[in-house]
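Heads up, the thing below is written out as structure tokens.
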Amino acid sequence: MHYNCFMDKRITNSYTATILNAFGIHEEPSCVKELTNGNINGTFRIEMPTGHGYILQSVNTGIFKDPYSMMRNIDLVTDHIRRTVIAEGLDPSRATLNFHHTQEGALLFPHEDHLFRLADYIHDSMAFNTKADTSVLAKAGEGFGRFEAQLANFDASLLSETIPNFHNTKLRIESFERTVEENPCGRLAECEREVSHILDNKKESSVLCKLIENGELPLRVTHNDTKTNNVLFDRNTHEFLAVIDLDTVMPGLLAYDAADTIRFSANTAEEDEKDLSKVSLDLSLYEAFLMGFLGKTACFMTRLEKETLVLGIQTIVYEQALRFLDDYIAGDKYYKTSKPRQNLDRARCQLALYDDMKRKELQMHSIARGIIRANLGC
Ligand code: GN1
Ligand code: MG
């Protein structure tokens, strides 16, 4: 069944009341507002006359093809976090997302051509939506590090892969090679240099996949969308509360979660910057994030996880370059674009960042090692 995540009519209070009713909530909301930050699901903030808030989402089943497994993952993970924080004496209602069940016990409610889910709004919370500086990155690192630590004793094999082979770099390279071979839109001629750049580095970028296959690196619970605005803080004290946007939570490498924040937020340029002289890895932002992240994770990382952390960060930047370039050659089918050749610009920018990370590899290692050494007993 295909559901539509976009609302083609304005979502009214009474339309929302019908959905709330299915989740066992029998009052009419006082206000419903669409939130437009996310690119994937339709998201609405609901306020009730009592002051309680909810987040209602219309799930994008085009990207999440098995939404029931996705919600099962989220249920398992949030349940584990809730139990962990209760044991620590913290308030579970603010420490993780709390999704509601329908009166039939389901976490999803199909209505018309939409598939809805409902969570409590975490009250008095805020996210940093501004361009990241060192203090925001340190806090985001701490948030994602706490998330990893809360789930360190969770058996990741219980989770399904919500997007199969999401970070299987080896398979992504194979599929990239097929796209290049087919050249379906005749775009190859303008990106031959970038294609060679990708292919020249494919061996090193497959190393982690081999280590996973051989069971040498542990699969943990990873978030896979570690943008700084996916961490919530207390609006007044700026203390860490919870990690949100759990749709891509699945088994993965610890390094992936560090990698994506660094790729996105420690780049001195925007993700689609055309002027490649502006693109570089900001080592102070890199260090700030790792201080927060490794401060919570170094104590349980294996020796090989520590040794391959920098390779993991570089691999994700490489993989993202490949994904953007693959999509450009295939005709912009996956990523939303708002300007011509944006996926090509994004790919070029990621390749420039990858090259800069290679130039700064020794510094990246020495910063990471220093932080790990200081946090062995975290
Ligand atoms: C997508 O839409 P957004 O920004 O949450 C993508 C990520 C990429 C990112 C690149 C499910 O995430 O993997 O890193 O774009 N999410 C999915 O900007 O493919
Ligand atoms: Mg997202």
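Each ligand, and each atom within it, is numbered from 1 in the order the structure gives. Excluded from the calculations below are hydrogen atoms, water molecules and symmetry mates; all remaining heavy atoms, backbone and side chain alike, are included. Since the model is a prediction, treat every value here as computed from it, not as a measurement.
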Measure from NZ or CZ of Arg187 to the centre of the six-membered ring of Tyr328, then state whether that distance is under 6.0 Å and the direction lies within 45° of the axis.
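Because its charged atom sits under 6.0 Å from the ring centre and within 45° of the axis, Arg187 does stack over Tyr328.
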List ligand 1 atoms under 4.0 Å from [X], heavy atoms only on the residue side.
| X | answer |
| --- | --- |
| Glu271 | 10 (C), 18 (O) |
| Asp260 | 14 (O) |
| Ile163 | 11 (C) |
| Tyr335 | 15 (O) |
| Tyr334 | 11 (C), 17 (C), 19 (O) |

Where does Phe264 meet ligand 1, judged by heavy-atom distances below 4.0 Å: at the side chain, the backbone, both, or neither?
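Neither part.
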Taking 4.0 Å as the limit for heavy-atom contacts, which would you say applies to Phe324 with ligand 1: side chain only, backbone only, both, or neither?
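Phe324 to ligand 1: side-chain contact only, backbone stays beyond 4.0 Å.
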Ring-plane angle category for [X] and [Y], please: parallel below 30°, perpendicular beyond 60°, tilted otherwise.
| X | Y | result |
| --- | --- | --- |
| Phe116 | His111 | tilted |
| His223 | Phe147 | perpendicular |
| Phe23 | Phe109 | perpendicular |

Side chains of Asn13 and Glu28: donor-acceptor distance under 3.5 Å anywhere?
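Distance-only check fails for Asn13 and Glu28.
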Consider ligand 1: state whether an atom of it lies below 4.0 angstrom from any non-hydrogen atom of Arg263.
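Per 4.0 Å heavy-atom rule, Arg263 contacts ligand 1.
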Selected option - heavy-atom contact closest to atom 13 (O) of ligand 1, from Gln320, His167, Arg323:
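The nearest heavy atom belongs to Arg323.
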Hey, is ligand 1 close enough to Asp225 that some N/O pair sits below 3.5 Å?
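The answer is yes, given that Asp225 and ligand 1 share an N or O pair closer than 3.5 Å.
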Give yes or no for whether the N/O distance cutoff of 3.5 Å, strictly under, is met between Lys227 and ligand 1.
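Yes, at least one N or O pair falls under 3.5 Å.
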So does Arg341 have more than 12 non-hydrogen atoms from other groups sitting under 6.0 Å from CZ?
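Counting neighbours around CZ of Arg341, 12 or fewer heavy atoms of other residues, nucleotides or ligands fall under 6.0 Å, so no.
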Verify, without hydrogens or angle tests, whether Asp345 (side chain) and Lys274 (backbone) share a donor-acceptor contact under 3.5 angstrom.
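Between the backbone of Lys274 and the side chain of Asp345 there is no qualifying donor-acceptor contact (under 3.5 Å).
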